[in-house]
Every structure is written in C-alpha cells, then in structure tokens.
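Quick notes on the structure that follows.
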Amino acid sequence: MTKPRIVIYASSLFAWPCIEKLQQTGQLVGVITPDPSQYQQGKEALLLLLNTLATNNIAFEAVCKEKLHLIPSHLSHFTADLALVMGFRYRLPSSVLSHYPRGIINCHASKLPEYAGRDPIYWQIRNQETHSALTWHHMSEQLDSGQVVLQEPVMISAEDTYASLTQRFAYLALHSLDALLNELGNSQQQHVTSVSALALPPPHIDLDFSQFGAGQIDALTRASNGHFGRVLCKAKGMHIEVIQATAVDYPNYGVAPGTVVMISQEHGLVVSSQSGCVRLDILACELGVLSGERLAHLIHLDAGERLNNSEFLQQQA
C-alpha cells in the first residue's frame, strides 16, 4: 500500500517527534495549528511549536477557530490522504472530519474511554493512576469516540510530573507511528464511546491540609508543576506556592493538619495532612523560589505552627 501523505493538527511540541519523522520520510504535507492571537492558556507552548516549524522550514497554517470549516476549501495546498490530531485544542467540524480519504486519527493520552476530554495527563497524575495507554482512534463528532486503531500501554511512576509523562507519551506516539499506519483499514478495530469529558484543571488550588492526604498533595503538585493552576497555602501571612511536595513516612504526633512537625536539613519542612505527613520540597513566594527548609528559616517558621489556606480564591473573586 502506498504510504499516505499526512497533515498533522497540533498545538504544542507534543507532536514534534512525529512531525520530524514524517518530514524525514517525505510523508508530511504540513502542520495546522490554532491562531496564536486567539490563544490564552497554552499560548507559550503554541508559539514554541510555531517557532520550531519555521526554523525547520516545515509548512504550517495557523487557523482561527471560526474558520476551521474552511480548511477543506481554502487549504488546497495541504491536500493529504490522512490527518493526525496530536493535542489540537479545538473541536474539528464535520467538514474536516470527513475530508481525508483515509480518515482523521486522534492521539489521546489515556486508555479510552477512561479520561476522555482535555488534559488527561493532569488528571491521571492527580488521581494517582499507575497504568495508562496511548490511544490512536478514528475521530467522530462525539468527543474522543470512534474506532480504536491502536493502544500502547504506559506505566505512570510515582515520580512523574506533567512534563515528564507528556514527553513519554510523545515518544511513544513516535515509536508507535509505523504500527499505526500498518493497522489502518483493519476491520477488527474496537469502537469506543466516551460518556463524559474531563473537567478543565482548576486555575488555582487553595491547599487545605485537612482536605488532602500526603499522597494526594504529592500527586497534585506533580500534576500542576508549572503547567496548570498554582497550588497555594499561607505561612505567617505570606502567600506561598507549593511547586514540589513529597509524601514521607514521618510521625505527625497527633497534631492538626497543616501543622509543621519538623524543620531540618535532613528532613526538610514536614507538615501534617489529612492523612500522613508531606515534605514541602520547593516553594515560591515573594522571597524567591526556595527549598521548604530554607524558606522556614528565612521567615522564622517553627515546628508547631500552622500553615493556613491561602484564601487566594476568595481574594480574587
């Protein structure tokens, strides 16, 4: 079978390994991206993609949301047999879904129908999942539904951050690309129907230590970690962002959640939670980005003192 000519829909460098390979094999027609002037969340990632495409002389078109339906008629120079969607932020209209002779296939970072919708990597880390899968499936008008072409298993480790797991999914997409193209037209493909989509990650998390266990705080900071809403608390009247936290095996001595139980070079800044203790490894505030232990010394925080909810959300309302 003749190798298909392929166009890729993308919004970030998640798609770059596959773009680069298809460019090298001569199968890449070009890349379609959202218009960055319409973008808010994720704009920096989109601009990095656009800059990388331009630097490598790869043809691309940035299309505004309202003109997606014009792609078949107005981008005739992007004629392709097959389209791959890799993190494209907009829902594609029926005119695009039916345009490509060999279909339009979405790359989704979960084992569909589980975790259908946007940002599945965030939610899987936050929910402390240990197993996932990369799913390639034919797109339909219903979100993250259609015939599954290929699924590749993925392990999620207790150290994974949003960025590290995203990178693993991106390279798994690359390594599964040949198998995907070989599977096209297989009549034995499974059909998935997604019942509900994920909620968007919250813009801020007001960290209430009485509502989150140590493992949940650990997972929450790894899922957020510079990509989503800040995880916030307050110490001595100062708003603090928790960038990295680790669940630790340390006695909480029966103190209330949010109480500092240890500050030392050896153990760091250890705080009780709803269940177990958590070490606040990396924090950011008006004094800079610091280790928990260093920040505690700078603001004279002592064992037995309480960390409060930041009340950030209420102040911003």
Side-chain angles (χ1 to χ4, degrees), residues 41 44-45 119 121-128 156-167 201-253 255-317:
Q41 184 181 357
E44 183 177 343
D119 302 313
I121 291 175
Y122 170 89
W123 288 110
Q124 288 172 101
I125 294 175
R126 180 170 171 178
N127 291 342
Q128 300 174 266
I156 303 177
S157 82
E159 285 76 42
D160 268 318
T161 63
Y162 181 90
S164 72
L165 188 54
T166 298
Q167 185 178 69
H204 306 283
I205 295 288
D206 198 29
L207 185 53
D208 184 343
F209 289 90
S210 68
Q211 299 297 316
F212 290 90
Q216 292 174 308
I217 296 171
D218 181 325
L220 176 60
T221 58
R222 288 186 290 109
S224 300
N225 205 275
H227 291 269
F228 289 104
R230 297 154 64 197
V231 180
L232 299 163
C233 64
K234 189 164 65 175
K236 295 203 168 184
M238 179 183 295
H239 293 293
I240 295 171
E241 180 179 0
V242 183
I243 297 174
Q244 178 181 300
T246 304
V248 292
D249 184 13
Y250 196 87
N252 69 2
Y253 305 109
V255 299
T259 303
V260 176
V261 296
M262 168 59 70
I263 304 170
S264 71
Q265 263 191 329
E266 179 183 0
H267 297 287
L269 172 59
V270 180
V271 180
S272 64
S273 73
Q274 187 265 336
S275 60
C277 286
V278 61
R279 184 179 66 233
L280 306 186
D281 300 312
I282 303 174
L283 306 174
C285 64
E286 60 194 68
L287 301 180
V289 179
L290 308 161
S291 70
E293 183 257 345
R294 178 166 293 183
L295 178 61
H297 285 300
L298 282 175
I299 65 175
H300 306 291
L301 184 65
D302 294 321
E305 293 190 76
R306 294 279 298 277
L307 302 185
N308 305 315
N309 300 348
S310 73
E311 299 174 356
F312 184 86
L313 294 178
Q314 292 90 328
Q315 291 180 11
Q316 295 297 304

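None of the values given here were measured: they were computed from a predicted structure.
Interatomic distance, CG of N308 versus CG of L207, reported as 11.0 Å (0.5 Å rounding). With values rounded to the nearest 0.5 angstrom, I125 atom CD1 is found 11.5 Å from E159 atom CD. To the nearest 0.5 Å, the span separating CG on L290 from CG on L280 amounts to 12.5 Å. One finds the CG atom of N252 at 11.0 Å from the OH atom of Y250 (value rounded to the nearest 0.5 Å). In this structure, L301 CG and I240 CD1 are separated by 7.5 Å, a value rounded to the nearest 0.5 Å. From L283, atom CG reaches atom SG of C233 across 7.0 Å, with rounding to the nearest 0.5 Å.
Remark: the backbone N or O of S224 is not paired with any side-chain donor or acceptor of R126 at under 3.5 angstrom.
Side-chain contact between N127 and Y122 is absent, with no heavy atoms from C-beta onward closer than 4.5 Å. Using a 4.5 Å heavy-atom cutoff, the side chains of H267 and V248 are not in contact. Residues I205 and V242 are not in side-chain contact: their nearest non-hydrogen atoms beyond the backbone lie 4.5 Å or more apart. Residues L269 and L295 form no side-chain contact, since every pair of their non-hydrogen atoms from C-beta on lies 4.5 Å or further apart.
The minimum heavy-atom distance between D218 and A158, with the atom names listed, is OD1-O, 4.4 Å. Minimum interatomic distance between A247 and G215 (heavy atoms only, all atoms of both residues): CB-N, 4.0 Å. Contact record, A214 with S273: N-OG, 3.0 Å, taken as the closest heavy-atom pair. Closest of all the heavy-atom pairs between C277 and S272 is SG-CA, 4.2 Å. Taking every heavy atom of both residues into account, S275 and G213 meet most closely at OG-CA, 3.4 Å. Nearest heavy atom pair, residue C285 against residue H239, reads CB-O, 3.5 Å.
Heavy atoms of other residues, nucleotides or ligands lying less than 6.0 angstrom from CG of D302 number more than 12. Sparse packing is recorded around CZ of R294, with 12 or fewer heavy atoms of other residues, nucleotides or ligands lying under 6.0 Å away.
With sequence neighbours excluded, the residues satisfying side chain to side chain contact (heavy atoms under 4.5 Å, CB included) with A45 are S12. When the side chain to side chain donor-acceptor pair (under 3.5 Å) test is applied to S210, the partners found at least two apart in sequence or on another chain are D208. Applying the side chain to side chain contact (heavy atoms under 4.5 Å, CB included) test to Q216 and every residue at least two apart in sequence or in another chain returns Q128, F212. Applying the ring pair (Phe, Tyr, Trp, His ring centres under 6.0 Å) rule to H297 yields no partners; only residues at least two apart in sequence or on another chain are considered. Listed by chain and number, the residues in a side chain to side chain contact (heavy atoms under 4.5 Å, CB included) with I282 are I243, Q244, V289 (sequence neighbours excluded).
A salt bridge (charged side-chain N to carboxylate O under 4.0 Å, His left out) check over residues 281-293, counting only residues at least two apart or in different chains, returns the pairs R279-D281.
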